[in-house]
Each structure stands twice: as structure tokens, then as C-alpha cells.
There are 2 protein chains.
Amino acid sequence: MNRPKEFDREGAVAVLMDEIWEHGFEACSVNSMSDKLGITRSSFYNAFGSKEKLFAEILEIYSQSGPGNEMFEITQSRSVLSSITEKLYEICKGQEEDKACRGCLAASSIQELVKKNEELEPVLKEFFYQNIQYFEKIIGIAIQRGELEDCDVRIKALSLQNMMIGLSEMSKIFRNKGELWSICKHSLKALALYGEFE
Amino acid sequence: MNRPKEFDREGAVAVLMDEIWEHGFEACSVNSMSDKLGITRSSFYNAFGSKEKLFAEILEIYSQSGPGNEMFEITQSRSVLSSITEKLYEICKGQEEDKACRGCLAASSIQELVKKNEELEPVLKEFFYQNIQYFEKIIGIAIQRGELEDCDVRIKALSLQNMMIGLSEMSKIFRNKGELWSICKHSLKALALYGEFE
DNA sequence: TTAATATTATACAGCGCTGTACAAAATGAT
DNA sequence: ATCATTTTGTACAGCGCTGTATAATATTAA
């Protein structure tokens with residue numbers, strides 16, 4: 001009934017996520033992204049609506065696949081703190097090995113979007129609000145299970161988020177092998193959120 | 001012997017620091033900055049050489065006046081941890097009150113410069129390296145004075161830096177009154193770097 | 001007054017980007 | 001085969017930005 005798309009939309013979104021992750025939201029023009037995909041700007045606007053709508057879509061995917069909800073794999077049998085610690089270990093290793101120094105997509109976008117993009121600022125904030133809600137939830141579970149002393153759950157969650165955003169940026173500057181994980185490990189222990197794993 | 005400048009260079013640098021701090025390095029074009037000062041681009045290039053040289057100059061001033069060396073006022077009579085804590089309290093309060101959500105100039109510039117600006121990347125890194133050196137120094141003093149248990153000074157310094165960079169970005173997202181300081185206080189206590197003040 | 005010097009003004013030629021508007025092409029249902 | 005629909009191609013008109021080059025201007029020492 002209609003002319004079919006000549007490109008794979010899902011694959012395109014993945015490509016553009018990498019582009020924006022690496023070069024940043026502002027540096028990625030509609031022009032350059034269209035070129036990257038080998039399509040025209042017409043097709044871009046037709047498929048994604050706008051750069052903003054595309055980014056919102058990408059952030060949604062990022063929050064499902066990367067960090068975000070169900071970031072830590074919490075199970076009945078496994079220690080919450082170990083789950084947190086292992087995931088952060090993986091993140092540290094990943095960032096140390098990332099030659100492009102991309103850090104966390106959401107954290108890196110704060111500077112470019114807050115107070116600079118009316119449409120995307122609330123989208124990005126919502127991402128972090130949900131993240132914190134999730135952190136609060138699992139920290140609550142850790143307390144219930146007796147893995148963690150009773151404490152202000154929100155402040156603990158925010159402190160963890162704070163540390164993780166810090167890591168994202170630190171990973172771009174301090175590139176000594178193993179150092180990022182040392183910082184993370186020390187900070188987790190300090191926050192009483194460290195658990196041995198494996 | 002020569003035609004005098006028709007503008008105050010020192011004042012101009014201060015104005016441009018505010019511009020870049022608020023809008024970011026990339027968003028500030030030579031055009032817009034020249035307009036802001038009411039001078040032509042010729043005069044801009046003549047006075048500052050390039051955007052990059054200007055930024056390096058600004059960062060130098062920032063490191064002397066804002067954070068950076070001698071950030072914490074360490075004296076013989078005063079507790080090192082109290083000095084750290086008080087300074088961070090001031091930073092938190094300042095960021096909470098900052099309507100423009102500017103955060104830390106250096107931290108905010110990481111995303112825009114690392115892997116994106118060959119000339120400024122090393123300048124920005126040097127800023128953080130010096131910062132860490134300074135942190136190591138004062139943490140060493142704290143240990144000497146018995147204010148802090150013996151520990152890996154570098155990791156402690158990096159963890160502090162990590163937390164501070166986190167705060168810079170968190171301050172743009174989480175704007176509840178007093179929350180930033182709560183995070184900071186909790187994290188400082190966790191790192192054993194908290195000291196009462198006043 | 002003149003010459004030397006530095007600042008400021010004007011202009012150039014080119015680049016990439018924006019969003020839209022309209023035409024062309026490709027498909028499937030009727 | 002035609003029609004409706006959607007995607008894709010081409011073009012428009014305008015904007016801001018870049019760095020340099022050359023000319024005009026203002027100052028002061030000689």
C-alpha cells in the first residue's frame with residue numbers, strides 16, 4: 001500500500017546512538033547523521049521527526065539496555081550489594097577499555113541539554129529521576145535483607161548516583177589502568193555498598 | 001606609541017568566562033563573544049589569539065580564583081577536614097542558588113573537550129592533574145596530623161575529585177533545596193573526610 | 001610634523017546547517 | 001491498470017560561522 005523504507009530504522013537508531021554517544025548531541029547535525037546513514041534529510045525528518053525526538057527515543061533504549069531499570073540483576077539468592085558491585089566493576093572495565101572515552105550517555109548529555117534544550121531537559125531529568133527511584137528500591141531491599149544498616153534511602157541512592165556520574169567524567173580524564181575501579185571500589189566501600197562477588 | 005585598546009582586556013576575559021561557563025565552549029562562537037564585548041572579530045583575534053588560547057587563559061584564572069590550588073584554606077591552627085568540609089558546603093550552597101545551573105567550569109568542559117579538541121584536551125587534563133596533586137597534599141597533611149587514618153592518598157584524592165565532579169553535574173538535575181549538601185555531607189562522612197566547622 | 005606602531009574596521013569567499021515545499025518514485029489494494 | 005499512500009530526491013532561501021587580508025585610524029616618540 002505504500003513505498004517501503006529503504007533503510008532499517010532499528011539499525012539506524014543504533015548507529016545514531018553511537019554517533020551521539022561519541023560526538024555529543026550538538027555535534028551531531030541532522031545533516032551529518034543523514035549522511036552517516038546514507039539517507040537524505042527528508043528521510044531523516046520523515047523517520048524520526050526531529051533530532052529531539054530521536055534523542056528521546058535513544059535515551060529510552062539506553063535506559064532499557066544499558067543502565068537504568070533492572071540495571072543490577074537482583075535475585076532472591078544473590079546479595080544486593082554484590083550485584084551492585086559487580087555491575088559497577090563491569091562499567092569501570094568497559095570505560096577503561098573504551099578508546100573513545102564516551103562515558104555514560106546520559107551523564108555526558110547533562111551539560112548539553114540542561115538549560116539549553118527546553119524539549120529534552122525534562123526527558124533527561126526524568127531518566128535520572130527513574131534511576132534514583134530504582135536505586136532507592138534496591139537499597140531498600142538491601143536494608144530489608146540486613147545487608148546494609150538502616151539509613152536515609154534517598155540520600156544513599158543520590159550518593160550512589162553522584163558517584164556514578166563522577167565516574168563517567170573521571171573515566172575521560174584519568175586513564176591509568178585499574179585506577180577507575182580502585183576509585184569505585186573505595187567509594188562503594190565508603191558508602192557501605194560494596195559486596196564481594198564471584 | 002600605539003593606538004590604545006578600546007576595551008578593558010581584563011574585564012573582557014571575566015565577561016567571556018561567564019559566557020563560556022554558562023553556555024559552554026562550543027556554543028560560544030568567536031562571533032557571539034565579539035558581539036558580547038562590542039568589538040569586532042579582528043579585535044578578538046588580536047587580543048586573544050584564538051578561542052582556544054582564550055579558554056586556556058580563562059581556565060588558568062579559574063584555577064587560581066575558584067577551586068584549584070589553595071582551594072581549601074589550610075592553616076596550622078585549623079583542622080584540614082573542617083576546611084575541606086566548609087569549602088564544599090560553600091560550593092553546594094553556591095550551586096543550589098545558581099539559577100543558570102552552571103556547575104563547575106572545568107567539569108562541564110570535559111564532555112566538550114576530551115577527544116574533541118586536541119589543543120585544549122591536555123590543558124584541561126593538566127588542570128585536573130594539578131587538582132589531584134593538591135588534594136593528595138592536603139590529605140597527606142590530614143594523615144600527618146592524625147585527623148585521618150592512614151590510607152592510599154591517591155585513591156582518596158581521586159575519590160574526592162570523583163565526588164566533586166559528580167556534584168557539579170548533579171547540581172544541574174537535582175534542585176531540591178538542601179539535597180545537594182546532604183549528598184555531599186553523606187559522601188564526605190563516608191570517605192572519612194568530614195569535619196565539623198564553625 | 002612625521003614616522004612607527006598597534007588597534008580597529010571592512011570585506012572576502014566559502015562552508016555547513018536549518019526546515020520546508022514540492023516533485024518523483026515505489027508499492028499494495030481495489 | 002489505476003489510485004492512494006508513503007518514502008525519497010531536489011531545491012530553496014536564509015542564516016551564522018570561519019580565518020585572513022587589506023585598509024583606515026589613533027597614538028606617541030623622535
Side-chain angles (χ1 to χ4, degrees), chain A residues 1-58 109 111-113 115-121 123, chain B residues 1-58 109 111-113 115-121 123:
Chain A
M1 197 156 164
N2 55 345
R3 176 173 175 177
K5 269 199 175 62
E6 289 176 11
F7 68 99
D8 167 33
R9 193 180 187 285
E10 207 176 330
V13 172
V15 167
L16 298 183
M17 181 194 283
D18 283 344
E19 279 296 289
I20 292 180
W21 202 343
E22 179 168 349
H23 301 111
F25 180 76
E26 281 305 329
C28 288
S29 64
V30 172
N31 250 332
S32 68
M33 288 190 287
S34 303
D35 285 354
K36 181 81 187 179
L37 296 178
I39 64 175
T40 60
R41 263 180 307 142
S42 307
S43 297
F44 179 94
Y45 281 112
N46 178 61
F48 307 113
S50 67
K51 236 177 94 168
E52 275 73 18
K53 284 184 183 152
L54 169 67
F55 184 86
E57 206 172 312
I58 285 172
S109 301
Q111 158 73 2
E112 292 193 286
L113 300 182
K115 292 284 163 191
K116 291 177 182 66
N117 190 306
E118 280 194 22
E119 187 175 341
L120 289 178
E121 175 174 340
V123 175
Chain B
M1 192 144 148
N2 56 343
R3 177 174 174 176
K5 270 200 174 59
E6 288 176 11
F7 68 99
D8 166 32
R9 193 181 187 286
E10 207 176 331
V13 171
V15 168
L16 297 184
M17 180 193 284
D18 283 343
E19 280 296 289
I20 292 180
W21 201 343
E22 179 167 351
H23 301 111
F25 180 76
E26 282 305 329
C28 287
S29 64
V30 172
N31 249 332
S32 69
M33 289 191 287
S34 302
D35 285 355
K36 182 80 188 179
L37 296 178
I39 64 175
T40 60
R41 263 178 309 138
S42 307
S43 297
F44 179 94
Y45 283 111
N46 177 60
F48 307 113
S50 67
K51 235 178 96 167
E52 275 74 17
K53 284 184 184 153
L54 169 68
F55 184 86
E57 205 172 312
I58 285 172
S109 301
Q111 158 72 1
E112 291 193 288
L113 300 181
K115 292 283 162 192
K116 291 177 181 65
N117 190 305
E118 281 192 22
E119 187 175 341
L120 289 178
E121 175 174 338
V123 175

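Going from atom CD1 of I39(A) over to atom P of dT7(D) covers 12 Å, rounded to whole Å. Distance M33(A) CE to dC17(C) P: 10 Å, rounded to the nearest Å. Whole-Å rounding puts the N46(A) CG to dA24(C) P distance at 19 Å. Atom-to-atom, CG of D8(A) to P of dT8(D) comes out at 12 Å; the value is rounded to the nearest Å. Here dG16(D) presents its C1' atom at 14 Å from CD of E26(A), a figure rounded to the nearest Å. If you measure from atom CZ of F44(A) to atom C1' of dC17(C), you get 13 Å, rounded to the nearest angstrom.
Between the side chain of E26(B) and the backbone N or O of E112(B), no donor-acceptor pair lies under 3.5 Å. At distances below 3.5 Å, not a single donor-acceptor pair connects side-chain atoms of E119(B) with backbone N or O atoms of E52(B). In this structure a side-chain-to-backbone donor-acceptor pair under 3.5 Å is missing from R41(A) to V30(A). The closest donor-acceptor contact from the side chain of K115(B) to the backbone of E22(A) lies at 3.5 Å or more, if one exists at all.
For S34(A), there are no side-chain hydrogen bond (donor to acceptor under 3.5 Å, both in side chains) partners at least two apart in sequence or on another chain.
For the pair K53(A) and G49(A), the tightest heavy-atom approach, listed with the atom from each and the gap, is CD-CA, 4.4 Å.
For DNA chain D, none of the residues of residues 11-24 of chain B falls under the heavy-atom distance limit of 4.0 Å.
Using a 30° and 60° split on the angle between ring planes, F48(B) and F7(B) fall in the tilted class, from 30° to 60°.
At a threshold of 4.0 angstrom between heavy atoms, the contacts of F7(A) are confined to the sugar-phosphate backbone, with no base atom among them.
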Protein heavy-atom contacts under 4.0 Å, written 5' to 3' over nucleotides 18-23 of chain C as B (base), S (sugar-phosphate only) or - (none), form the string BBBB--
Check against side chain to side chain contact (heavy atoms under 4.5 Å, CB included), N117(A) and F55(A) | CA-CA 12 Å; N117(A) 190 306; F55(A) 184 86; over 6 Å; no
